[in-house]
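Working notes for the structure below.
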2 protein chains.
Amino acid sequence: MELNEGKNKFIEAWGIFGSEWGINRTMAQIHALLLVSAEPLSTEDIMEELNVSRGNVNMNTRDLIAWGIVSRVLKKGERREFFQADKDIYKVAIKILNERRKRELGPVLEALKDLKQVKGTTLEAKEFKKVVADISSFGESADKMISRMTKADENWFTGSLMKFLIK
Amino acid sequence: MELNEGKNKFIEAWGIFGSEWGINRTMAQIHALLLVSAEPLSTEDIMEELNVSRGNVNMNTRDLIAWGIVSRVLKKGERREFFQADKDIYKVAIKILNERRKRELGPVLEALKDLKQVKGTTLEAKEFKKVVADISSFGESADKMISRMTKADENWFTGSLMKFLIK
DNA sequence: ACAAACTTTCAATTTATTTTGAAAGTTTAA
DNA sequence: TTAAACTTTCAAAATAAATTGAAAGTTTGT
């Protein structure tokens, strides 16, 4: 398989995978493209490679930067900015997990906290409280776990945790 | 807060959370509704409670059943079927993770396996191969981890793993 | 066998999300 | 200060995803 064919397949696969997990296809594709580029790319490069508009590239590179998995780089003698992806996939995974924890898990945990205050002693009310308490506790655990992973050594995934988990 | 208000807030929150993770809102809402219902609910009950059509309820309950987190129950003397959610949130989380592993991670890992066969010894080709190998290895690890979690005792999450991970 | 009760399907519609592209904004160099 | 080079914005358009609802299909009791 030629390098270019490989890159395209990778970009396609990453785009699909991303969209299955609630990340928009173009963002995932830009990320994929940057992952497999030896050199940082400009907005124009990305537009051309993926056939998407300038606005689209601009919005999605901004988002990728906000996620902390892509950074702007400046080439000397060049006016425009280039983009480059963090290629350490462990770091990337943890950053994504941690961002999602903050953005999505946080609000749910807040909502659940409120819901613990429903009144009533009927069977129904008790069931409700039990479910809310369980989900809440589970969510708090996941939240703590991700926080801890974030702080831990970058090799956590291949370290003792993995030894514990993998055959 | 009244029980009903609580239920509605829960359903809303779960719906949003689900859609952020690539699960359609109605499916997440039906799941939420079943989670907080003391009794199994019929298609009609769900239609009424969530204001959605029969076809929608039918499709999404089927899906929830396919995910293994909702089951049909029959009440004696009743002809129609009722639905009930598995309320053990640990089991639910693991089933969802495992289904997604099979459905979404699997195909990506396959694609990555192919991509290891790109030819070329240029810097670019080497970088590409490195990224693919890294993601592949990471993916395989995650895959194994989830498989293992699935098989493990249902209390794994509160067991030694959690003790290891949580403060 | 029949019909009532119930479930499933799917083409058409609606709703939500993503993308475009041109205009406005900003920065840089001379 | 000016203009070229570049970035950002956002309303409109395009695309994708979810939903409807009526018709078709199935099951059950008599």
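Naming: A, B, ... by sequence-line order, numbering from 1 per chain.
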A:R80 CZ to C:dT28 P, in whole Å, measures 15 Å
Determine whether a donor-acceptor pair (one donor, one acceptor, N or O, separation below 3.5 Å) exists between the side chain of B:R79 and the base of D:dT27.
yes
Strictly below 4.0 Å, N to O, side chains only: are A:R54 and A:E44 in salt-bridge contact? yes
Whole-Å distance, A:N24 CG to D:dA17 C1', equals 14 Å
| field | Side-chain N or O of A:R62 closer than 4.0 Å to phosphate OP1/OP2 of D:dT9 | value | yes
Here the distance between atom P of D:dT7 and atom CG of A:L74, to the nearest Å, is 10 Å
>> Between B:K119 and A:M1 (side chain of the first, backbone of the second, donor and acceptor by atom type, cut-off under 3.5 Å), is there such a pair?
In response: no
Requested in this report: Give a yes/no on whether any side-chain N or O of B:N60 is located under 4.0 angstrom from OP1 or OP2 of D:dA18.
Outcome: no
Under-4.0 Å side-chain N/O to phosphate OP1/OP2 contact, B:N58 with C:dT8: yes
note: A:I16, atom CD1; D:dA17, atom P; distance rounded to Å ~ 11 Å
Ranking D:dT19, C:dT19, C:dT8 by distance to the side chain of B:R54, first place goes to C:dT8
*asked:* Does this structure show an ion pair linking A:K113 with A:E110, if we count only N-O contacts that are shorter than 4.0 Å?
replied: yes
When rounded to whole Å, the CE to P distance for the pair B:M27 and C:dA16 reads 17 Å
Between A:G55 and A:S19, whichever has its closest DNA chain D nucleotide further toward 5' is A:G55
By nearest-nucleotide position on DNA chain C, the 5'-leaning member of A:R25 and B:N56 is B:N56
To the nearest angstrom, the NZ-C1' distance between A:K75 and D:dC6 comes to 16 Å
Exercise for the section: Give a yes or no on whether a salt bridge exists between A:K9 and B:D114, defined as a side-chain N under 4.0 angstrom from a carboxylate O. Expected result: no
Between CG of B:L50 and P of D:dA18 the distance, given in whole Å, is 16 Å
Can a donor-acceptor pair be found, under 3.5 Å and without considering hydrogens, that links the side chain of B:K129 to the backbone of B:V118?
yes
Does a side-chain N or O from A:T26 land closer than 4.0 Å to OP1 or OP2 of C:dT19, or not? yes
